[in-house]
Amino acid sequence: MFDTPPPAQIIQASQEVQERYIKEQERLRKRAEEERKRQIDAENRRKLAQTQQLK
C-alpha cells in the first residue's frame with residue numbers, strides 16, 4: 001500500500017513547517033511595523049512642513 005515515514009519523521013517535518021511558518025509570520029510582522037513607522041514619520045514630516053509654512 002502506502003509507504004509512510006515513521007511517526008518521528010512526520011513529527012520532525014511538522015515541527016520544521018511550524019518553525020518556518022512562525023519565522024515567516026515574525027518577518028511579516030516586523031515588515032508591517034517598519035512600514036507603519038515610515039508612514040507615521042512621513043505624516044509627521046508633512047505636518048511639520050505645514051506648521052512651518054503657516055509661520
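In what follows, every heavy atom counts, from backbone to side chain, and hydrogens, waters and symmetry copies are set aside.
To the nearest 0.5 Å, the span separating CD1 on I40 from CZ on R45 amounts to 11.5 Å.
Judged as a salt bridge (charged side-chain N to carboxylate O under 4.0 Å, His left out), and not counting sequence neighbours, the contacts of R46 are E43. Among residues two or more places apart in sequence or in another chain, the side-chain contact (heavy atoms from CB on, under 4.5 Å) test is passed with E34 by R38.
Counting only residues at least two apart or on different chains, no salt bridge (Lys or Arg N to Asp or Glu O under 4.0 Å) pair has a member in residues 6-22.
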Distance-only donor-acceptor hits, side chain of residues 22-32, under 3.5 Å, sequence neighbours excluded:
{"residue": "E24", "atom": "OE1", "partner": "R27", "partner atom": "NE", "Å": "3.3"}
{"residue": "E24", "atom": "OE2", "partner": "R27", "partner atom": "NH2", "Å": "2.8"}
{"residue": "E26", "atom": "OE2", "partner": "R29", "partner atom": "NH2", "Å": "2.6"}
{"residue": "R29", "atom": "NH1", "partner": "E33", "partner atom": "OE1", "Å": "2.9"}

